[in-house]
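Remember, predicted model here, so these are calculated numbers, not experimental data. All values below were derived from every heavy atom in this structure, side-chain atoms included, with hydrogens, water molecules and symmetry-related copies excluded. Remember, it's 1-based here, ligands and their atoms both numbered in the order they're listed.
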Amino acid sequence: MKPRSWRPCHACRSRSSQNPSEDRIPVKISVIGAGYVGLTTATCLAEIGHTVRCADNDETKLNLLRCGQMPFFEPHLEELVLKNCQAGRLRFETTESSVVNAEAIFICVGTPPLENGEADLSAIANVARTIGQRATGDCLVIEKSTVPVQTGQQLKRQLQLYVDKGLRCDLVSNPEFLREGSAIEDFFHPDRIVIGVEREEAARQIEEIYRPLLDRSFHCPVHSDCKEDRKPAWVVTDTNSAELIKHASNSFLAMKISFINMVSDLCDAVGADVSKVALGMGMDPRIGPAFLNPGIGFGGFCFPKDVQAFVRIAEKAGCDFSLLREVENVNKRRIELFVEKVRKELWVVRGRKIAVWGLAFKPNTDDVRFAPSLEIVRSLIREGAEVSAYDPQATEKARAVMPDVRYCANPYEAAQGAEAVVVVTEWEEFRHIDWQRLRRLVERPLIIDGRNALDSKLVARNGFHYVSIGRAAVAAERVECGDREKIRTENAERAVQDIALEGLTRAL
Ligand code: UDX
């Protein structure tokens with residue numbers, strides 16, 4: 001196959017059209033692994049004009065994707081996948097066929113934690129062999145999965161074992177920083193794009209792939225009138241440093257969260273307000289306001305495993321990373337500290353009806369992997385509580401790992417007869433609750449907010465006692481005694497009407 005000239009030809013450069021990416025010669029890209037990183041990367045690279053084959057060794061997932069069904073919920077992803085498939089820029093294939101004639105191959109397979117906390121690199125090794133055996137021309141091999149430092153060097157050695165001697169496979173490390181729930185937005189508006197290379201030419205080649213992001217010559221699929229004109233930083237370094245940037249960034253963010261969680265415990269103990277403390281801290285640009293939200297701890301498929309893997313890497317290299325070990329311990333203790341808050345409010349948990357709002361590890365995703373919410377539900381059930389749970393997106397994923405929980409179709413159904421409503425994921429919809437309707441449904445007007453997501457004054461004004469993290473509890477505003485019995489019967493009557501109404505709407 002004639003090697004590609006990566007330089008956009010002069011003619012292309014001078015000719016400007018409505019869609020600048022149309023001026024460029026699309027790169028034939030293979031993205032291996034259709035998980036959060038892979039499917040998002042493949043879809044967005046197609047959206048900026050490249051021809052992309054996204055591969056996965058899970059045939060069922062491939063068939064679902066070919067029928068336009070997404071394996072997970074991610075805002076904007078479904079419509080972008082459909083759009084680029086219809087435009088012929090995105091296809092789903094097996095790994096073996098996707099690397100044939102590929103000019104650039106992004107490796108986005110999972111690196112789940114092994115028992116000892118190290119990252120499992122077997123999927124990466126398998127992909128290296130397939131690329132080595134099937135590549136038909138010079139190509140870039142781009143490591144995008146989160147991997148321990150020095151993986152790139154191992155990967156290069158693997159490739160050289162299998163690849164046809166006449167071919168050149170340049171290894172590039174290109175760590176991903178997208179967040180679940182805003183992955184598409186993060187792809188199009190990255191703070192920085194980090195590249196680890198061994199050859200200048202490889203850096204220039206991958207720069208061409210990202211050119212539309214660097215020039216900001218694309219139509220933003222997230223914000224209709226996108227005003228964002230900040231260009232991402234283009235960071236070129238060696239592969240080891242690029243790999244470390246990812247682990248260090250995630251571990252630092254996790255440390256920031258454990259730090260503010262630690263401070264929130266002190267605020268609880270001495271009667272201070274952690275949100276004011278975080279506000280004051282965050283105004284210092286050396287600290288910054290981001291990732292200073294206290295709560296029930298960090299979860300998800302990245303922070304817990306990346307912190308663990310980073311500690312293991314360092315220890316193997318003879319370095320003391322006890323600081324990060326403490327970050328993990330602080331995080332683990334969040335569950336018991338929060339359950340203790342529930343216990344303190346309810347006195348007895350056994351036999352109590354508790355509504356759990358939120359199951360996903362964070363809002364705008366259906367991902368429950370390493371979600372603190374699951375540990376809290378398990379802990380409450382172990383103590384004999386009757387848990388009714390609701391999540392706007394993650395119920396099915398939660399049911400798959402925690403089948404013996406009562407899952408509800410909406411927050412009100414979950415709160416029916418509850419002695420406490422416990423908030424564990426800060427979904428936007430919980431901020432727009434019909435508090436009077438909820439007041440009529442609960443047995444006891446008590447909100448325990450594990451994410452400091454709700455407006456304490458609003459909740460109290462609606463007659464709820466409000467408990468949160470690192471802030472003083474807010475008492476429910478008084479309801480006149482004389483009215484109590486009247487309100488109770490009123491509520492019970494209306495509650496019956498609500499359920500009838502609910503049944504009706506669901507039947508419709
Ligand atoms: C993270 C990194 O942010 C992203 O750059 C990387 O590519 C992948 O890992 P993600 O796991 O999607 O992304 O979630 P993130 O938004 O970082 O939240 C991680 C966890 O920290 C969540 O459980 C969240 O609830 C928690 N968190 C986050 C806090 O408890 N407090 C905060 O202030 C921020």
### Message
Less than 4.5 Å apart, side chain to side chain, heavy atoms only: is that true for Tyr36 and Cys108?
### Response
no
| query | Within 45° of the ring axis of Phe177 and under 6.0 Å from its six-membered ring centre, is that where the NZ or CZ of Arg192 lies? | reply | yes
Using heavy atoms and a strict 4.0 Å limit, residues surrounding ligand 1 turn out to be Glu176, Phe177, Leu178, Arg179, Glu180, Lys246, Asn250, Ile257, Phe291, Leu292, Asn293, Phe298, Gly299, Cys302, Phe303, Phe361, Lys362, Arg451
Sorted by chain and residue number, the side chain to side chain contact (heavy atoms under 4.5 Å, CB included) partners of Glu383 (sequence neighbours excluded) come out as Val339, Arg343, Val349
Please step through ring pair (Phe, Tyr, Trp, His ring centres under 6.0 Å) for the pair Phe430 and Trp357, ending with a clear verdict. CA-CA 8 Å; Phe430 299 148; Trp357 283 0; 5.1 Å; yes
### Message
Cation-pi check for Phe252 against Lys256: NZ or CZ below 6.0 Å from the six-membered ring centre and within 45 degrees of the axis, yes or no?
### Response
no
Rounding to 0.5 Å, atoms CD1 (Ile313) and CG (Leu244) come to a distance of 7.0 Å
